[in-house]
**Q** 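One structure coming up, written as structure tokens, with questions to follow.
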Amino acid sequence: MKTSANYNFQATEKKWQQVWRQSVCANKPVAAAAKEKCYVLEMFMYPSGRVHIGHVRNFMIGDVIARFKKAKGFDVLHPVGWDAFGLPAENAALANAVHPKDWTYENISLMRKQLELFGFSYDWDREFATCDENYYAVQQKIFLDMYKKGLVYRKESMVNWDPVDNCVLANEQVIDGRGWRSGAIVESRQLSQWFFKITAYANELLKSLKSLEGWPEKVRAMQERWIGHSRGLMLRFEAKDKDGQSLQDLSVYSTRPETIFGASFLAISAQHPLAQKLAKTSSAIAEFINSCSKNSVTTEDMDKMEKLGIDTGVQAFCSLLGDRALPVYIANFVLQTYGTGAIFGTPAHDTRDWDFAKKYGLPIKLVIKPSAGNDVNLQAGSYLGNGTMIDSEFLNGKTAPEAKECIIEHCEKTGVGKASEFYRLRDWGISRQRYWGCPIPMIHCQKCGVVPANEKDLPIALPVDVTFNQPGNPLDRHPTWSKTKCPSCGAPAHRETDTMDTFVDSSWYFIRFCQDGASDLGKFDRKQIERWLPVDFYIGGIEHAILHLLYARFFTKALRDCGYINLNEPFSALFTQGMVCHKTFKHKDGRWLAPDEIESKKGEAICKADGTVVDVGRSEKMSKSKKNVVSPDEMVRIYGADSVRMFVLSDSPVDKDMEWSDEGITGCWRFINRFWRLVVMFGEKYSQTKKASPSFIQLDCLKHETKADFKRVLRSISQIGGLYEVFQFNRAIAAVHDAVNVMYDLLNHVESYSDAFRDLLLLTNVVMAPITPHLSEEVNQKLGNPKMLSETCWPDFGRYELKQEMVTIAVQVNGKLRATLEALPDAMQSELEHAARNINAVKKYIPAGGAKKVIFVPGKIINFVV
RNA sequence: GCCCGUGUGGUGGAAUGGUAGACACUACAGACUUAAAAUCUGUUGUCGGUAACGACGUGGGGGUUCAAGUCCCUCCACGGGCACCA
């Protein structure tokens, strides 16, 4: 498809990839303590079998930063690895009769080859997979240490059970009531599970979010919400039956205790102990509770769900309210899992309570009066704003926030209540009933109970001889694997057959990368780890905003407290990139068509097979089901790695979604050839005219208009470093385009300035190199630079005088542009004003009396106000 | 419902409060070619005008300012996240 007259990317890319691999210093951080370190990391990949173009975009961001920082003189760590445990390996085992281990390592080697095509500057010597025995051995050791520290426990609990994957899911892995991977409706089951006590860090995880200034505001907000801190009052009520007999105490938590005097009912959840008790004697209550448990948990249903309740006949008393009793309802909108599973309802100041009161005819009493002029219509809805307390006894006259503090204090003093805090965050359940994961190093002994495995027995390795021909966990039915001796009493015992959630594996992999191959990987090498951490640039998708990033933060803090490392936060800067999208094509018969089944004719998309016109849909995230995917290998084969590398960063800012298009990728391919041609054309001229010429550094020797062009190119490329720093690769590429366009013009009168032009090409090439390293290395060689590009420093543009000699001044009248003026940058107002007044286009707008006022911004603008 | 984004030509997108539309794509024209492709050179926000030029123009409305895509208020549309969290 592409002719040989062009830049030969096939040969060139292969050649330099080989050279880089052999060169000692190209991809590896040099042990240079004097240099400042820079740890660049992209979220590692699950070895599904194929590298997706979205991965390429992710890795490209990291690669540009890594190469750029290296050129800037940093000691750079840029590793790569594999998040290799997980369910798909078992599914593949089931479907294709291959062992998960073979499937995984096979995929890794396929994907490694794909990655190699792109020339990423990875330190391949540090590569590992989380299913490597020497990786998960350390993970088991960490688990035991966390157990000793009280950060791991086992409890019977209701869990999210995915009936398709036959597996437990963490709360974070349930999305809209469905399993995050299988999409099946999640069921509740009672099981014994291992938990990490992430809630012990709820406060710290929340507080230190503030210190993460290099994180997107959005991700911090999502985590903050997920941890969900609230502060309020725990208030004690007494529940009495209709005969006035005391039933039990009822604790009610509220974040708005100041509204208590407006309360008109109490509501408890269907799972509340009192509800369960009452159900035994009332069939109506039992029936209601039963109907609540049937409620679906999907988003749409929740939206539509009506607030329902049943009056239990129970009365609740609180000394704050004197003799006034509140009726106790069981309500479907009260959650047992938050607070105490009981609330007091203040219909005037809460939307849900208002809905409920309307439905059941309960009083709606205003206790917060809005400031003057704002009328409240309690018949239309609740009032959620601020104001002054009324009808609230000792709170009257205070503002709502003041009243909140006041009532908390009052209740603490009188003992009727207590200031309380709650978090939404739950402990992290990590038990998975799967084979392909890190075994939990615990042992069940009939006599001693659950005991940790001996450290000297680590790793507890996965057995290889397992079968996948029936549902459930293969470790459970392995004839011998789980049989062992109790480390404590020596009696026969059996191993825990659950394995760890794979999110555990990815919670500390960035720490392992810090150790080089020569170190003892069985232990934490603090010196190496603390040299590199924290990660300076962490790059990945927004979909990990909560799960992975929260777990990794938790692990870092837990490892700190177990004495492994001295670090509070693992990632100083986080960058979330957008997705790669593509148009979709739908055949008239309803089939989705792949991009390579389409050709475009006269602006219409035509199906190659039968010539029919195809419906072109909007650009969407690439997905196999809609066939709107492109293969990275195929793209490299047709256009070369540098074209693909350039395109994924080209048009859109990298934090936004981009659209993959044929026009876009061919555009990049054309640019690469265009730059190459520029170098070739220059080379031909240069060899003919080689003679004494000024070095371009002495810009004064150049002709005026040539000098201006030189300066313009220099200005364009000099900004590129700054643009890399702030991840504005699309603008960096625009600057490169601009520079190359100017150089094409320059080439026409370059004869007498050839050395200077050569320098200009070399400089441009250096700043392009992080994006198009193969092309740049080749150009560098062709221009006769003896030093390899990967060893070349970033140019110091400070040594060039880049100021423009003439600037264009905008001449405005009343802020409207009427003309422009060429002037020296430091021209005085008086002379410019005089010149501007004499321009006809300006003169006609200025009245005879002259301008009222003249605004002058040196070097930029002169504005006549008339 | 709440929170966070986003809104600029035919398209992707640029613009420290200071010449809106950089750069790229598409389209069109010219050069080269027997021809096509590729390449090179132009043009390409809209309306009016042969032109010079003029008017309009950054989702809508209002405001601050000599000057607003940019700041403030308000409304609309789209996208994402959370969702009965007491």
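Sequence lines set the chain letters: A, B, ... in the order given, protein chains first and strands last, and positions in each chain run from 1.
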**Q** Measure from CZ on A:R225 to C1' on B:G1 and round the result to the nearest Å.
**A**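 The answer, rounded to whole Å, is 10 Å.
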**Q** Find the partner of B:U16: check Watson-Crick (N1-N3 plus N6-O4 or O6-N4) and G-U wobble (N1-O2, O6-N3) distances, both under 3.5 Å, and reply none if neither fits.
**A** none
**Q** With a 4.0 Å cut-off on heavy atoms, is A:V334 in touch with a base, just the backbone sugar-phosphate, or nothing at all?
**A**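 Base contact.
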**Q** Between B:G17 and B:C25, how far is it from one C1' atom to the other, in whole Å?
**A** 31 Å
**Q** Which whole number of Å gives the distance between the P atom of B:C47 and that of B:G9?
**A**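 Those two atoms are separated by 14 Å.
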**Q** Measure CG/A:N673 against P/B:A37 and give the value in whole Å, please.
**A** 18 Å
**Q** In whole Å, what is the span from the CE atom of A:M681 to the P atom of B:C40?
**A**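 Going from A:M681 (CE) to B:C40 (P), I get 8 Å.
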**Q** From CE of A:M222 over to P of B:G5, roughly how many Å is that when rounded to an integer?
**A** 13 Å
**Q** What is the base-pairing partner of B:A22, counting Watson-Crick and G-U wobble geometry with both distances under 3.5 Å?
**A**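 Base-paired to nothing in any strand shown.
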**Q** Could you state the atom-to-atom distance from CZ of A:F727 to C1' of B:G13 in whole Å?
**A** 20 Å
**Q** Between atom CG in A:D355 and atom C1' in B:A86, what is the gap in whole Å?
**A**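 Rounded to whole Å, this separation is 14 Å.
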**Q** Would you call the rings of A:Y639 and A:W669 parallel, tilted or perpendicular, taking 30° and 60° as the class edges?
**A** perpendicular
**Q** Could you run down the sub-3.5 Å N/O contacts of the protein with nucleotides 42-48 of chain B?
**A**
none

**Q** Regarding A:R677 and the six-membered ring of A:Y7, is the cationic atom NZ or CZ under 6.0 Å from the ring centre and inside 45° of its axis?
**A**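 Judged by the rule (NZ or CZ under 6.0 Å from the ring centre, within 45° of its axis), A:R677 is not positioned above A:Y7.
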**Q** Quick one, A:D738 with A:R712, criterion salt bridge (charged side-chain N to carboxylate O under 4.0 Å, His left out). Give me CA distance, side-chain angles, the key distance, then yes/no.
**A** CA-CA 9 Å; A:D738 188 43; A:R712 172 141 175 234; 2.6 Å; yes
**Q** In the structure I gave you, are the side-chain heavy atoms of A:R231 and A:K404 within less than 4.5 Å of one another anywhere?
**A** yes
**Q** What distance, rounded to whole Å, do you find between the two C1' atoms, one in B:G18 and one in B:C71?
**A** 15 Å
**Q** Grab the CD-P distance between A:E543 and B:G79 for me, whole Å please.
**A** 20 Å
**Q** Looking for any heavy atom pair under 4.0 Å, which part of the strands does A:R818 touch: base, sugar-phosphate only, or nothing?
**A** sugar-phosphate
**Q** Closer to the 5' end of RNA chain B via nearest nucleotide, is it A:D657 or A:R256?
**A** A:D657
**Q** Just name whichever nucleotide pairs with B:G1, Watson-Crick or G-U, keeping both distances under 3.5 Å, else none.
**A**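 Across any shown strand, B:G1 pairs with B:C82.
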**Q** Between A:E224 and A:R220, does any NZ, NE, NH1 or NH2 come within less than 4.0 Å of an OD or OE carboxylate oxygen?
**A**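 Looking at A:R220 and A:E224, the cut-off is not met.
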**Q** Generate the contact string for nucleotides 16-26 of chain B. Rules: B means base contact, S means sugar-phosphate contact only, - means no protein heavy atom under 4.0 Å.
**A** B-BB--BSSSS
**Q** If we call it a pair only when both distances are under 3.5 Å in a Watson-Crick or G-U wobble match, what pairs with B:U44?
**A** none
**Q** Kindly point out which of B:C82, B:U41, B:A86 is positioned nearest to the side chain of A:Y744?
**A** B:U41
**Q** Determine which nucleotide pairs with B:U58, using a 3.5 Å limit on both distances of a Watson-Crick or G-U wobble pair.
**A** none
**Q** Roughly how far apart, to the nearest Å, are B:G21 and B:G30 at atom C1'?
**A**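 These two C1' atoms come out 26 Å apart once rounded.
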**Q** Closer than 4.0 Å, any side-chain N/O of A:Y338 to the OP1 or OP2 of B:A86?
**A** yes
**Q** In whole Å, I'd like the distance from the CD1 atom of A:I672 to the C1' atom of B:A38.
**A** 17 Å
**Q** Does A:R677 have a side-chain nitrogen or oxygen under 4.0 Å from the phosphate oxygens OP1 or OP2 of B:C40?
**A**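 The answer is yes; a side-chain N or O of A:R677 sits under 4.0 Å from OP1 or OP2.
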**Q** Between B:G45 and B:A20, how far is it from one C1' atom to the other, in whole Å?
**A**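 Pairwise C1' distance, B:G45 against B:A20, rounds to 10 Å.
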**Q** Would B:G9 be called syn or anti, given that syn covers angles within 90° of 0?
**A** syn
**Q** Is any side-chain heavy atom of A:F575 closer than 4.5 Å to a side-chain heavy atom of A:I61?
**A**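 With C-beta onward as the side chain, the pair touches.
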**Q** For a ring pair (Phe, Tyr, Trp, His ring centres under 6.0 Å) with A:F265, tell me which candidate from A:Y360, A:F237, A:F356, A:F344 qualifies.
**A**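 Of all the options given, the one that passes is A:F356.
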**Q** Mapping A:F344 and A:E217 to their closest nucleotides on RNA chain B, which lands nearer the 5' end?
**A** A:E217
**Q** Ignoring hydrogens and geometry beyond distance, is a side-chain donor-acceptor pair present between A:Y423 and A:S230 at under 3.5 Å?
**A** no
**Q** Taking the side chain as everything from C-beta on, heavy atoms only, tell me whether A:E833 gets closer than 4.5 Å to A:I862.
**A**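 A side-chain contact under 4.5 Å exists here.
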**Q** Indicate whether the side chain of A:R424 and that of A:Y338 have a donor and an acceptor atom separated by less than 3.5 Å.
**A**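 Their side chains do not contain a donor-acceptor pair, so the 3.5 Å distance test is not met.
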**Q** Looking at the rings of A:H229 and A:F422, which for Trp means the six-membered one, are their centres under 6.0 Å apart?
**A**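 For A:H229 and A:F422, the ring centres are not under 6.0 Å apart.
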**Q** Quick check on B:G54: is either OP1 or OP2 less than 4.0 Å from any side-chain nitrogen or oxygen of A:K816?
**A** no
